[in-house]
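Data block below; observations after.
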Amino acid sequence: QVQLVESGGGLVQAGGSLRLSCAVSGRTFSWYAMGWFRQGPGKEREFVAAINQSGGSTSYADSVKGRFTISRDNAKNTVYLQMNSLKPEDTAIYYCAGHPTTYYSRNNYYTDSRQYDDWGQGTQVTVSS
């Protein structure tokens with residue numbers, strides 16, 4: 001059974017930083033494209049960042065580009081989201097998600113939440129002004 005467990009959320013002042021982690025078990029992590037999504041109060045779930053199985057290709061939402069960095073450590077079965085220069089509008093529950101890949105899709109990342117099979121339970125990030 002696949003499990004994705006996020007950690008690292010919390011309360012931070014505007015301008016601060018947080019690093020989220022998502023540990024994956026029950027699947028061969030190196031064959032898993034990963035993504036981060038978030039859902040703010042009263043908002044739809046939205047794409048934040050994505051990374052392919054090797055970590056060589058990434059994508060970001062315009063709202064976080066230049067401030068957030070997605071990375072992965074396949075030896076630790078973990079994907080990270082480094083969040084810098086946080087703003088109050090970044091306040092949300094952050095979810096990691098996984099998409100199984102094959103040799104032929106190994107360079108792909110995915111930005112649509114409907115493309116992801118497996119999800120974590122989420123971690124709350126609150127940015128105070």
Side-chain angles (χ1 to χ4, degrees):
Q1 185 174 351
V2 179
Q3 277 195 313
L4 287 73
V5 180
E6 301 98 335
S7 61
L11 173 64
V12 64
Q13 287 190 329
S17 298
L18 283 174
R19 188 175 83 154
L20 306 184
S21 301
C22 173
V24 179
S25 60
R27 182 176 288 279
T28 304
F29 182 69
S30 57
W31 286 99
Y32 223 25
M34 299 296 298
W36 285 97
F37 292 79
R38 68 186 182 186
Q39 187 165 14
K43 297 181 181 179
E44 299 280 318
R45 187 173 296 189
E46 64 176 356
F47 167 72
V48 175
I51 191 166
N52 76 322
Q53 64 179 67
S54 69
S57 297
T58 58
S59 178
Y60 297 92
D62 287 343
S63 59
V64 307
K65 205 171 291 184
R67 301 188 297 123
F68 290 11
T69 303
I70 188 171
S71 62
R72 64 189 295 158
D73 185 338
N74 285 352
K76 295 183 178 180
N77 291 357
T78 302
V79 63
Y80 304 98
L81 185 69
Q82 178 66 44
M83 305 186 296
N84 298 329
S85 302
L86 282 161
K87 304 175 181 180
E89 52 263 43
D90 295 318
T91 295
I93 300 173
Y94 284 71
Y95 300 90
C96 67
H99 175 103
T101 60
T102 67
Y103 175 83
Y104 300 101
S105 62
R106 64 193 185 280
N107 294 322
N108 294 355
Y109 53 73
Y110 303 90
T111 61
D112 187 337
S113 62
R114 295 169 296 181
Q115 296 172 300
Y116 285 89
D117 293 350
D118 301 303
W119 291 82
Q121 82 289 347
T123 186
Q124 176 71 46
V125 171
T126 303
V127 184
S128 64
S129 56

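Only this structure's heavy atoms are used, side chains among them; waters, hydrogens and symmetry mates stay out.
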Which heavy-atom pair separates [X] from [Y] by the least distance, and what is that distance?
{"X": "W119", "Y": "S113", "value": "CZ2-O, 3.5 Å"}
{"X": "T91", "Y": "P41", "value": "O-CD, 3.9 Å"}
{"X": "A14", "Y": "S129", "value": "CB-CA, 4.3 Å"}
{"X": "T102", "Y": "S105", "value": "N-OG, 2.9 Å"}
{"X": "T111", "Y": "S59", "value": "CG2-OG, 3.8 Å"}

Listed by chain and number, what are the salt bridge (Lys or Arg N to Asp or Glu O under 4.0 Å) partners of [X], not counting sequence neighbours?
{"X": "D90", "answer": "R38, R67"}
{"X": "D112", "answer": "R114"}
{"X": "K43", "answer": "none"}

Tell me if a side-chain donor or acceptor on [X] pairs with a main-chain N or O of [Y] at a distance below 3.5 Å.
{"X": "E6", "Y": "G122", "result": "yes"}
{"X": "Y116", "Y": "Y110", "result": "yes"}
{"X": "R72", "Y": "Q53", "result": "yes"}

*Is there side-chain contact between H99 and N108, with heavy atoms separated by less than 4.5 Å?*
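H99 does not reach N108 side chain to side chain.
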
_L11: hydrophobic cluster co-members (side-chain, 4.5 Å)_ =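 Via sub-4.5 Å side-chain contacts, L11 links to none.
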
*For V2, the rest of its hydrophobic cluster, which grows through side-chain links under 4.5 angstrom*: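 The other cluster members (ILVMFWY side chains, heavy atoms under 4.5 Å, direct or chained) are L4, V12, L18, L20, V24, F29, Y32, M34, W36, V48, I51, Y60, V64, F68, I70, V79, L81, M83, L86, Y94, V125, V127.
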
Rounded at 0.5 Å granularity, tell me how far [atom1] in [X] sits from [atom2] in [Y].
{"X": "Y109", "Y": "S54", "atom1": "OH", "atom2": "OG", "answer": "12.5 Å"}
{"X": "S30", "Y": "D73", "atom1": "OG", "atom2": "CG", "answer": "11.5 Å"}
{"X": "T69", "Y": "N84", "atom1": "OG1", "atom2": "CG", "answer": "6.5 Å"}

*Sequence-distant partners of A23, side-chain contact (heavy atoms from CB on, under 4.5 Å), two or more places apart*: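 For A23, the residues satisfying side-chain contact (heavy atoms from CB on, under 4.5 Å) (neighbours in sequence not counted) are T78.
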
*Out of curiosity, does I93 fall in the hydrophobic cluster containing F47 (side-chain heavy atoms, cut-off under 4.5 Å, transitive links)?*
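Linked within one cluster.
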
*Lys NZ or Arg CZ of R45 over F37 ring: under 6.0 Å, within 45°*: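 Negative - R45 is either too far from the ring of F37 or too far off its axis.
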
*Please indicate whether Q115 has more than 12 foreign heavy atoms, meaning atoms of other residues, nucleotides or ligands, lying under 6.0 Å from its CD.*
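Atom CD in Q115 is packed in, count exceeds 12.
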
